[in-house]
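The sequence lines fix the lettering, A, B, ..., with proteins before strands; numbering per chain opens at 1.
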Amino acid sequence: MCKQRNSYFAVKTIVSRSFVAVSACAFLAACSLIAHYDQVAYEHATSAKVDTLALMDKATGSYDEHQKEIEALVTELNKAYEYDRGRSLNKITVAQWDVLRDPNRNLVGGFLKMWKAKGKLSATFIAEKKLQIADAFDQIIGLESGKQKPSEVKQ
Amino acid sequence: MANIDINGLLKNVEDQTKALAQKQFKQYTQQAVGDVKDLLEKSKADLKRWVEELARGEMDKDEFESLVKGQLDVAEMRALKQAGLAEVQIESFVNGVVDIVVNAAFSAIKI
């Protein structure tokens, strides 16, 4: 009798644990941790990369002469940033844009601030900075393309 | 009620989950470690070249400093990318486990 009771409790425990495990899996599957891949965000980042590197080539010339192009680039970067900021579960990508755009740091924002302060920059510096900024953009692009594609997402 | 081998089902789920974890996280870890190694090697070569360019007067001190600090900013962006990709891996792993549990349950009750 006692043996029968013990085995009844053992089965009951196993069934309960299985139920908890399956429920936990279902709950976790329902909760996304990070935004899924977005083609528009990917295109914003790749396009901003190309335009930024093209404008940087002009920094051997005077900042004032290129002010309109600089403003257009800043607007393009702001649009890409705002688009990503509007996506849910996208804090990491937004943090990447923050580093890239911040004028008090040393990527695109810092480069434009330095150009404005100095008037023009050396060709060697521009060439080196372009490699660095291309690498920085690649971190945003790499994260976006590593996100789950709609076809891979479980409903 | 059908006679279900719960122990067998759990063992099946456990084995498949272990295999999935080993495959997915090994691949991710190798990629992340490779990324850091590349960064360190690249940074060493970059710094050497910048010092030489500074010494030749091809750039000024502010520009040199901006490159050094910029390298740290890129490293931060790289770390953010790795953190994001880790979240993608975890999500994909959880989805894989759900598949394993559902398939094992269905095969245990022979539907």
Next item on the list: Specify the closest pair of heavy atoms between A:I34 and B:E91, including all atoms of both residues, with the distance to one decimal.
Entry: N-OE1, 3.5 Å
Item checked: Atom of A:G142, atom of B:L85 and distance for their closest heavy-atom approach -> O-CD2, 4.3 Å
Interface moiety of [X] toward chain A, non-hydrogen atoms closer than 4.5 Å:
X: B:Q71; answer: both
X: B:E87; answer: both
X: B:E58; answer: both

Check: Which one, B:V102, B:V88, B:D73, leads in non-hydrogen pairs under 4.5 Å with chain A?
Finding: B:D73
Margin query: Only heavy atoms, only distances under 4.5 angstrom. Which residues in residues 20-36 of chain B are near chain A?
Written below: none
Heavy-atom pair count under 4.5 Å with chain B, highest-scoring of [options]:
options: A:R105, A:H36, A:M114; value: A:R105
options: A:K129, A:Q139, A:K91; value: A:Q139
options: A:L100, A:L107, A:I133, A:L121; value: A:L107

Margin query: Strictly below 4.0 Å, N to O, side chains only: are B:D60 and A:K118 in salt-bridge contact?
Written below: yes
Does [X] share a hydrophobic cluster with [Y], counting links as ILVMFWY side-chain heavy atoms below 4.5 Å and allowing steps through other members?
X: B:L40; Y: B:L72; result: no
X: B:F93; Y: A:Y37; result: no
X: A:I140; Y: B:L39; result: no
X: A:Y83; Y: A:V94; result: no
X: A:L53; Y: A:W97; result: yes

Got [X] and [Y] here, is their nearest side-chain heavy-atom distance under 4.5 Å?
X: B:L80; Y: A:L143; value: no
X: A:Q96; Y: B:E76; value: no
X: A:I92; Y: B:K81; value: no
X: A:Q132; Y: B:L67; value: yes
X: A:F125; Y: B:S66; value: yes

If you count every heavy atom of other residues, nucleotides or ligands that lies below 6.0 Å from [X] atom [atom1], does the total exceed 12?
X: A:Y42; atom1: OH; answer: no
X: A:K116; atom1: NZ; answer: no
X: A:K130; atom1: NZ; answer: yes

Checklist line | Heavy-atom contact with chain B under 4.5 Å, split by part of A:L131 | finding: side chain
Notebook entry, point to check: What distance separates A:D138 CG from B:R78 CZ, expressed to the nearest 0.5 Å?
Noted result: 9.0 Å
Next item on the list: Would you sort out whether B:M77 and A:D135 count as a side chain to side chain contact (heavy atoms under 4.5 Å, CB included), showing the intermediate values?
Entry: CA-CA 9 Å; B:M77 289 183 68; A:D135 195 6; over 6 Å; no
Check: Side chain of B:E63, backbone of A:S122: donor and acceptor closer than 3.5 Å?
Finding: yes
